[in-house]
2 protein chains.
Amino acid sequence: MNESKHDLGAFIRQQRERANLSLRRLAETAGISNPYLSQIERGIRRPSAEILKRLSRALEISAETLYTRAGLIDEGPNPPTVVEAVEGDQRLTPRQKTVLLDLYRALVEAGDVAETTEE
Amino acid sequence: MNESKHDLGAFIRQQRERANLSLRRLAETAGISNPYLSQIERGIRRPSAEILKRLSRALEISAETLYTRAGLIDEGPNPPTVVEAVEGDQRLTPRQKTVLLDLYRALVEAGDVAETTEE
DNA sequence: ACAGAGTGCTAACACCTGCAAGCAAATGCT
DNA sequence: AGCATTTGCTTGCAGGTGTTAGCACTCTGT
């Protein structure tokens, strides 16, 4: 019902028409059923990310764009987070990662006090 | 049964334990139920992108990373460097950044020298 | 005019997601 | 010890996702 938040369906339809694809044709290319695509475009149903991935491929637009449009990704290019940077660092042992992240979290929590309202 | 393709659950659990969060705590922070998170971590259920978004926020990792891990985005984004991420973190004061990066470099050097057979 | 194929949409259904309630085993607290 | 809390997990259940059938309409060719 609530498609007022993101007009994902309208966007998909717009992309489809710009590619001169019929609803059935796009559905078949994306590997989903045509009635479902119809409902997606009209905002009746909210497609899962799996479906969005297929649609993005069929429409030849990036998955990020669609996800962002669908409200599944908050902003555009996210700033790299410390947590995943540390996690992805090959030179650190698991224990070292834990130490670093513990410190990081402690620093952040000390920094903004508004977050923790312990009951 | 199909958890062989992507060990998303294991990855999430790994991230959760790295953050020293209990299952219930993460579930609450992410705004999902704890039994469901349990099932996600064990690969029984496949979470929607909406749930993944909340988890990524609670775990402070980018949604792209999680989506990629879940097989919802094809390509893998380049892992950001720790230095880059720390520098770009708005929540840290310059002094805190210095502390973190000092520790980071110390750990890396220690790891390089010893190449510890820890565990 | 009539078939045939194309368009998008509706209806009924199976399946799965995500949740509330409740469980046993650790852990903490007095 | 006893009792409360916390840990992760199992079980039913409501609601949404995505399907196959079939609807009405338009356009084309004969």
Side-chain angles (χ1 to χ4, degrees), chain A residues 1-59 63 66-67 69-73 98 102 116-119, chain B residues 1-59 63 66-67 69-73:
Chain A
M1 345 290 213
N2 188 7
E3 34 82 8
S4 53
K5 196 174 178 185
H6 298 285
D7 51 350
L8 171 66
F11 177 71
I12 291 180
R13 175 161 294 190
Q14 176 186 335
Q15 294 299 316
R16 173 172 68 81
E17 289 174 345
R18 214 191 46 176
N20 276 332
L21 288 171
S22 74
L23 193 150
R24 280 186 143 86
R25 190 101 173 73
L26 173 58
E28 187 178 3
T29 307
I32 69 176
S33 70
N34 56 85
Y36 190 45
L37 177 56
S38 169
Q39 289 166 325
I40 289 173
E41 288 189 349
R42 285 177 301 145
I44 296 177
R45 301 293 184 83
R46 182 139 40 132
S48 70
E50 173 64 30
I51 300 295
L52 284 179
K53 185 174 95 176
R54 296 189 200 171
L55 283 174
S56 71
R57 269 196 235 167
L59 287 171
L66 263 187
Y67 289 172
R69 205 82 183 197
L72 298 177
I73 293 180
T98 302
D102 278 347
T116 52
T117 315
E118 291 282 319
E119 237 87 315
Chain B
M1 301 312 200
N2 189 9
E3 27 84 1
S4 51
K5 193 174 180 186
H6 296 285
D7 52 348
L8 171 67
F11 176 71
I12 291 180
R13 173 160 295 188
Q14 177 186 338
Q15 294 300 314
R16 174 173 66 81
E17 290 174 344
R18 177 139 292 144
N20 279 331
L21 288 172
S22 73
L23 193 148
R24 279 183 143 87
R25 191 99 170 74
L26 173 58
E28 188 178 1
T29 306
I32 68 176
S33 71
N34 57 83
Y36 190 46
L37 176 56
S38 169
Q39 290 166 324
I40 289 173
E41 288 189 349
R42 284 177 303 143
I44 297 177
R45 300 295 182 83
R46 185 144 41 131
S48 70
E50 173 63 31
I51 299 295
L52 285 180
K53 185 175 95 173
R54 296 190 200 169
L55 283 174
S56 73
R57 264 194 261 176
L59 288 171
L66 222 46
Y67 290 173
R69 203 81 183 197
L72 299 177
I73 293 179

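Each chain gets a letter, A, B and so on, in the order the sequences are listed, and its residues count up from 1.
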| note | Residue pair I32(B)/L23(A) against DNA chain C: nearer the 5' end by closest nucleotide is L23(A)
| said: Using a strict threshold of under 4.0 Å (side-chain N to carboxylate O), is an ion pair present between E28(B) and R24(B)? | reply: no
| field | Interatomic distance where CG belongs to N20(B) and C1' belongs to dT6(D) [whole Å] | value | 15 Å
| request: Calculate the interatomic distance between E50(B) atom CD and dC19(C) atom P; express it in whole Å. | output: 10 Å
| request: Looking at every strand, decide which applies to R54(B) at a 4.0 Å heavy-atom threshold: base, sugar-phosphate, or nothing. | output: nothing
| request: Please evaluate the base of dG6(C) for a donor-acceptor partner in the side chain of R24(A) within a cut-off of under 3.5 Å? | output: no
| field | Y67(A) side-chain N/O to L72(B) backbone N/O, donor-acceptor pair under 3.5 Å | value | yes
| request: Kindly say whether N34(A) contributes a backbone atom to a donor-acceptor pair with the side chain of S38(A) at under 3.5 angstrom? | output: no
| Could one point to a donor on the side chain of R45(A) or the base of dG18(D) with an acceptor on the other under 3.5 Å away? | yes
| So what does R16(B) hit on the nucleic acid, given a heavy-atom distance under 4.0 Å: a base, only sugar-phosphate, or nothing? | sugar-phosphate
| request: Report which part of the nucleic acid S22(B) touches: base, sugar-phosphate, or nothing (heavy-atom distance under 4.0 Å, all strands). | output: sugar-phosphate
| field | Straight-line distance of Q15(B) CD to L21(B) CG, nearest 0.5 Å | value | 11.0 Å
| message | Measuring from atom CD of E50(B) to atom CZ of R46(A), what distance do you get when rounded to the nearest 0.5 angstrom? | response | 6.5 Å
| remark: From OH of Y36(A) across to P of dA14(C) the rounded distance in Å is 18 Å
| field | d(CD, Q39(B); P, dC19(C)) in whole Å | value | 10 Å
| query | Contact class for E41(A) (heavy atom, under 4.0 Å): base, sugar-phosphate, or nothing? | reply | nothing
| Taking only N and O in the side chain of R42(A), is any of them less than 4.0 Å away from OP1 or OP2 of dT10(C)? | yes
| request: Respond yes when some side-chain nitrogen or oxygen of S38(B) is under 4.0 Å from OP1 or OP2 of dG8(D), and no when none is. | output: no
| request: Compare side-chain N and O positions of S48(A) against OP1 and OP2 of dG18(D) and report whether any pair is under 4.0 Å apart. | output: yes
| Taking atom P of dG18(D) as reference, at what distance in whole Å does atom CD1 of I44(A) sit? | 14 Å
| query | Between N34(B) (CG) and dG18(C) (C1'), how many Å, whole number? | reply | 12 Å
| field | Contact under 4.0 Å: R13(B) side-chain N or O vs dC9(D) OP1/OP2 | value | yes
| message | Without decimals, in angstroms, what is the distance between R25(A) CZ and dG6(C) C1'? | response | 13 Å
| request: Check the distance between dC15(C)'s C1' and R46(B)'s CZ and give it to me in whole angstrom. | output: 13 Å
| field | Nucleotide of dT10(C), dG18(D), dA20(C) approaching P35(A) most closely (side-chain heavy atoms) | value | dT10(C)
